[in-house]
Amino acid sequence: QVQLVESGGGLVQAGGSLGLSCAASGRTFSSYTMGWFRQAPGKEREFVATVRWSGGSTYYADSVKGRFTISRDNAKNTVYLQMNRLKPEDTAVYYCEARLKRSSAETFYYTGPDQYDYWGQGTQVTVSS
């Protein structure tokens, strides 16, 4: 069982920056692919970014590529999302999700929220125009 707690959300003006953190419980954090998703009012949860369990590889949605950076610190059981050049359309509740690695050969390009095993309660990000 893994518990995830997101933090760092808030209100920011368009063009600004915000950093999110997700702290995970448990001793096997390095065995999980970690992802960030977001959900705006009236919309489905959408993929934002994912990072491989080792932290060496990342993958982004086209809408955030070049603006957002996902990273992880396995020693601190934490995954981060640095968001720069924010836009009003980035406004959403941001969720951290974790997927237990099934094998060392599996991919980490998991972009569907139902492909993950655990998720947090979310943190609100609001970007004003």
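The residues of the chain are indexed from 1 along the displayed sequence.
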_Strictly distance-based, threshold 3.5 Å: is any side-chain N or O of Thr78 a donor or acceptor partner for the main-chain N or O of Lys76?_
yes
*Side chains of Leu20 and Glu6: does their closest heavy-atom pair fall under 4.5 Å?*
no
*Pair listing, ring-ring contact (aromatic ring centres under 6.0 Å, His included) test, anchored in residues 78-113, at least two apart*: Tyr59-Tyr109
*Side-chain heavy atoms under 4.5 angstrom apart, residues restricted to Ile, Leu, Val, Met, Phe, Trp, Tyr: same cluster for Phe47 and Trp36?*
no
*asked:* Taking transitive links into account, so neighbours of neighbours count too, which hydrophobic residues share a cluster with Trp119 at under 4.5 Å side-chain distance?
replied: none
*For Arg45, which residues count as a salt bridge (Lys or Arg N to Asp or Glu O under 4.0 Å) partner, sequence neighbours excluded?*
Glu97
*Any link between Phe37 and Leu81 through a network of hydrophobic side chains (Ile, Leu, Val, Met, Phe, Trp, Tyr) touching at under 4.5 Å?*
no
*Excluding sequence neighbours, so at least two apart, what forms side chain to side chain donor-acceptor pair (under 3.5 Å) with Thr69?*
none
*Which atom names give the shortest non-hydrogen contact between Phe29 and Ala24, and what distance separates them?*
CD1-CB, 3.5 Å
*Would you list the pairs meeting salt bridge (Lys or Arg N to Asp or Glu O under 4.0 Å) in which at least one residue belongs to residues 111-129, sequence neighbours left out?*
Arg102-Asp117
*Which pairs, with at least one residue in residues 17-118 and sequence neighbours excluded, count as a disulfide bond (SG atoms under 2.5 Å apart)?*
Cys22-Cys96
*Residues in side chain to side chain contact (heavy atoms under 4.5 Å, CB included) with Arg85, at least two apart?*
Arg67
*Does the side chain of Ser57 come within less than 4.5 Å of Val51's, by heavy atoms?*
no
*Do the non-hydrogen side-chain atoms of Thr50 and Tyr116 ever get within less than 4.5 Å of each other?*
yes
*asked:* Is it the case that the side chain of Tyr60 and the backbone of Ile70 share a donor-acceptor pair, with hydrogens and angles ignored and the cut-off at 3.5 Å?
replied: yes
*Same hydrophobic cluster for Leu11 and Val125, using side-chain heavy-atom links shorter than 4.5 Å among ILVMFWY?*
no
*Please name the pair of heavy atoms, one in Ala14 and one in Ser129, separated by the smallest distance, quoted to 0.1 Å.*
CB-CA, 4.3 Å
*asked:* Among residues at least two apart in sequence or on other chains, which ones pass salt bridge (Lys or Arg N to Asp or Glu O under 4.0 Å) with Glu46?
replied: Arg38
*asked:* I'd like to check the salt bridge (Lys or Arg N to Asp or Glu O under 4.0 Å) partners of Lys43; sequence neighbours left out, ordered by chain and number.
replied: none
*Under 4.5 Å between any side-chain heavy atoms of Val79 and Tyr32, yes or no?*
no
*Are the side chain of Asn84 and the backbone of Phe68 linked by a donor-acceptor contact shorter than 3.5 Å?*
no
*Note, Arg99 side chain near Glu106 side chain (heavy atom, < 4.5 Å)*: yes
*Using a 4.5 Å cut-off on heavy atoms from C-beta on, say whether the side chain of Thr123 contacts that of Val93.*
no
*Distance from Gln3 atom CD to Ser25 atom OG, nearest 0.5 Å?*
5.0 Å
*Distance, nearest 0.5 Å, that separates CG of Asp73 from OG of Ser21*: 10.5 Å
*Sequence neighbours excluded, which residues qualify as salt bridge (Lys or Arg N to Asp or Glu O under 4.0 Å) partners of Arg72?*
none
*Mind jotting down which residue pairs meet the disulfide bond (SG atoms under 2.5 Å apart) criterion with at least one end in residues 30-82? Sequence neighbours excluded, please.*
none
*So, Thr91 side chain and Val127 main chain: donor-acceptor pair closer than 3.5 Å or not?*
yes
*Do the non-hydrogen side-chain atoms of Ser17 and Met83 ever get within less than 4.5 Å of each other?*
no
*How about Glu89: does its CD atom have over 12 heavy atoms from other parts shown lying under 6.0 Å from it?*
yes
*Does the salt bridge (charged side-chain N to carboxylate O under 4.0 Å, His left out) test come out yes or no for Asp90 and Lys87, once each step is laid out?*
CA-CA 5 Å; Asp90 294 320; Lys87 305 175 181 179; over 6 Å; no
*Start with the C-alpha gap between Leu86 and Gln13, add the side-chain angles, then the distance that decides, and say whether side-chain contact (heavy atoms from CB on, under 4.5 Å) holds.*
CA-CA 8 Å; Leu86 282 160; Gln13 287 189 331; over 6 Å; no
_Give me each pair satisfying salt bridge (Lys or Arg N to Asp or Glu O under 4.0 Å) with a member in residues 8-17, each pair once, sequence neighbours excluded._
none
